[in-house]
Q: 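First the structure, which I've put down as structure tokens, then a few questions once you've had a look.
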Amino acid sequence: MLKKKHIETYEDYLAFVEELRDHDRRYYEEFQPIISDYEYDILLKEVENCEKKHPHWIVSYSPTQKVREGTSKAFVQKKHTVPMLSLANTYSQEEVQDFITRVKKLLHKEAVLFSVELKMDGTALSIRYEKGHFSRALTRGDGWEGDDVTENVKTIRSLPMNIHGAPDILEIRGEVFMDKKTFRDLNQEREEEGLEAWANPRNAAAGSLKLLDAKEVAKRKLDIILYGIVEGGKEITSQYEVHEFLQKLGLPVVKKEYRALCSNLEELMEFSRKIQKIREDLPFEIDGIVIKVDDILSYEELGTTGKCPRYAVAYKFAPEQAYTKIHDITIQIGRTGVLTPVAELEPVHLAGSTISRATLHNLEEIKRKDIRKGDHVVIEKGGDVIPKVVCVDLSKRKSDSEPFEMPKFCPNCGTKVVHSSEEVAIRCPNTKCLARKLRHIQFFASKAAMDIENMGEKVSQQLVTKGLVTRKSDIYLLDEKSLQVLEGFKEKSIHNLLGSIESSKKCSLSRFIVALEIKHVGAETSELLADYFCSLKDLMKASKEDLLELSGIGEKVADSIVEYFQDKENVEDIELLLERGVIPYHEKKQKQMDHSFSNKTFVLTGSLENYSRESAASLIKERGGKTSESVSQKTDFVLVGKDPGSKYEKAKKLGVRILSENEFVEML
Ligand code: IVH
């Protein structure tokens, strides 16, 4: 921790540089920053200003001297065709005006047009297409060389592997990100599995992109938006038109309403205000806007300042902060029994909503920031989805305040909690704990699951604490009489709730599977299972081997499904749900399906030149076919790519029809 806020001496300067390097390491290598971007940028500015005043102090390893982000030993490093520079950033309007003035001066022009777009909060990527085929993806690395993450990038569904009408070589740049919903869902899963939660979607995306197993990357559901051309498309001389050019090629770009052409500060600020207003509603995170000179031909003339080009600047949004008090620190018990400390706050208005709670994640986080009950704190909702406590105002702390301690016993059922050495999480091991049951019931009724409209979290809480509902099937026993005991429930609300319960009975099989909360089975896997088994009975009977037939289902998921349906209590609850009128139905998707592969099972082996496994599998599925992980007599085709594995040998032995990639393309 730094002792001072400002640099006064050479020693202070070195301490600031060290501090920044430590934050870089946490950010780029561990994907777990401990300060916000805003705090980082303030430190960096302090060092930059100091270096301007004392240029002879500058050390070569200062973060101002190089493009941040490292490379990983686990990946092959490749040279960028054009260096991937950083972007100068500012939080101040005056500095944006300085940028405009500087550009005009350098170009000797009275008027310059600027193309403004969203500053996507993800991780930068350079992507190459050769003769219309996706051929390579590199991370930024040190700006000159990046990690080759081609295989991982192939799992990004929105990125086409083949494009038509592109120049022979097309190298483009963009940002890989994780959308807010995926981030929230996966982070919740992580917390429940006892893993440390990601700090924000950007770290989640950057960390995911560097996973070693592309299959795991696919589960992270990364997305991408492209915004620049570095090679090919020479005829495009306007940055504003770059987006349109890329879009015409079928590449993912940001919507037109999130871009603009501006000619002065007022117009730029108007665009910025418009974007800040809708920021909360965007499905992905942004941390500002990027202002670029529209005329690409002038970029060379403008040149660079060390690591940043002069043609662009990022105008970043400062996170909104608020000052409030922690009344209490309570414990929330998750569906898997994880104890999460929560700060109960004096309600305060922040970034468009009233905040009365903030998650404190785990004991380590609380210790690091030394957060205590009764503290006055600064909370922030910046790029992060969940409000968090930034720091404590120690001047307001009472002398009798005590450090927070996690309870030794579950605050709900009194069972001794367990803290295994392998995880940060502390858990209540009692599977019958009422708090856990409540979370299950709340989830069952939620929009993502059975969507019981008038049964929100508070109603569920009453139903569980009053003993009316202890398992899912109890919901379908509720009647007018039993509901009269609920506080604030009169004839109309009782009628409404019973109506929603009744209409939830007819539900899709995939939603029903989601509602069961089988470990590792989320919405996507549920859909896969519903499409494959078509009936609940068949799914319940499925063996591990049957489940492994589905591509997209691995050992861990298969084990968890089998285990779930072996549990007598689970089966009994499902049977009661069905007895009480719940009818999970399955409709085969009617979406203009091409049935050319109807009921044909494909097995894929080796690497394909033009498709990732994921995209080949979805092409097969779109045409009514299935994919499987293992070759058997039931297999119709084995699609063989480069360096095929044992599946190829087995297919030859069994006499299964073998397809080359070309034959596959023809079939498509
Ligand atoms: S242009 C020379 N445009 O923000 C840099 N970058 O903090 C050219 N970013 O390095 C980058 N959205 O990773 C550009 N619309 C956008 C962007 C964008 C996000 C990222 C990019 C950049 C970083 C700087």
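Counting convention: from 1, in listed order, for ligands and their atoms alike. Residues take their numbers from the sequence shown, with the count starting at 1.
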Q: Give a yes or no answer on whether the side chain of Ser135 reaches the backbone of Arg128 with a donor-acceptor pair at less than 3.5 Å.
A: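 Answer holds: yes.
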Q: Does the residue Leu118 have a heavy-atom contact with ligand 1, meaning some pair of atoms that are separated by less than 4.0 Å?
A: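 Within the 4.0 Å threshold, so yes.
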Q: Just by distance, do the side chain of His80 and the backbone of Arg140 share a donor-acceptor pair under 3.5 Å?
A: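 Yes: the side chain of His80 pairs with the backbone of Arg140.
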Q: Does the distance from a Lys or Arg side-chain N to an Asp or Glu carboxylate O, for Asp24 and Arg21, drop under 4.0 Å?
A: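 Answer for the salt bridge query: no.
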Q: Non-hydrogen atoms of Ala314 versus ligand 1: any pair closer than 4.0 Å?
A: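 In this structure, Ala314 fails to qualify as a contact of ligand 1 - no heavy atom is under 4.0 Å.
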Q: Applying a heavy-atom cut-off of 4.0 Å, say which part of Lys119 lies close to ligand 1: side chain, backbone, both or neither.
A: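 Contact part for Lys119 vs ligand 1: both backbone and side chain.
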Q: Step through it carefully: locate the ring centre of Phe114, locate the ring centre of Phe99, and say whether they are under 6.0 Å apart.
A: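 Phe114 vs Phe99: aromatic centres under 6.0 Å.
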Q: Starting from atom 12 (N) of ligand 1, locate the nearest protein heavy atom and write down its residue, its atom name and how far away it is, to 0.1 Å.
A: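 Scanning the protein heavy atoms, the shortest distance from atom 12 (N) of ligand 1 goes to Met120 N, 2.9 Å.
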Q: Only heavy atoms of Glu117, strictly under 4.0 Å: list the atoms of ligand 1 that pass.
A: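 Atoms satisfying the 4.0 Å criterion: 3 (N), 15 (N), 16 (C).
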Q: Would you mind telling me if ligand 1 is within reach of the side chain of Arg140, the backbone, both or neither, using heavy atoms under 4.0 Å?
A: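 Side chain only; the backbone of Arg140 stays clear of ligand 1.
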Q: Hey, is Met84 touching ligand 1 through its side chain, its backbone, both or neither, going by heavy atoms under 4.0 Å?
A: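 Within the 4.0 Å criterion, Met84 makes no contact with ligand 1.
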Q: Going by heavy-atom distance to atom 16 (C) of ligand 1, choose the closest among Phe177, Tyr258, Tyr227.
A: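 Checking each option, the heavy atom nearest atom 16 (C) of ligand 1 is found in Tyr227.
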Q: Would Lys292 count as a contact of ligand 1 if the rule is a heavy atom under 4.0 Å away?
A: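 It does, in that a heavy atom of Lys292 comes within the 4.0 Å cut-off of ligand 1.
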Q: I'd like to know whether ligand 1 has Ala312 as a neighbour, heavy-atom separation below 4.0 Å.
A: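 Ala312: no contact with ligand 1 (<4.0 Å).
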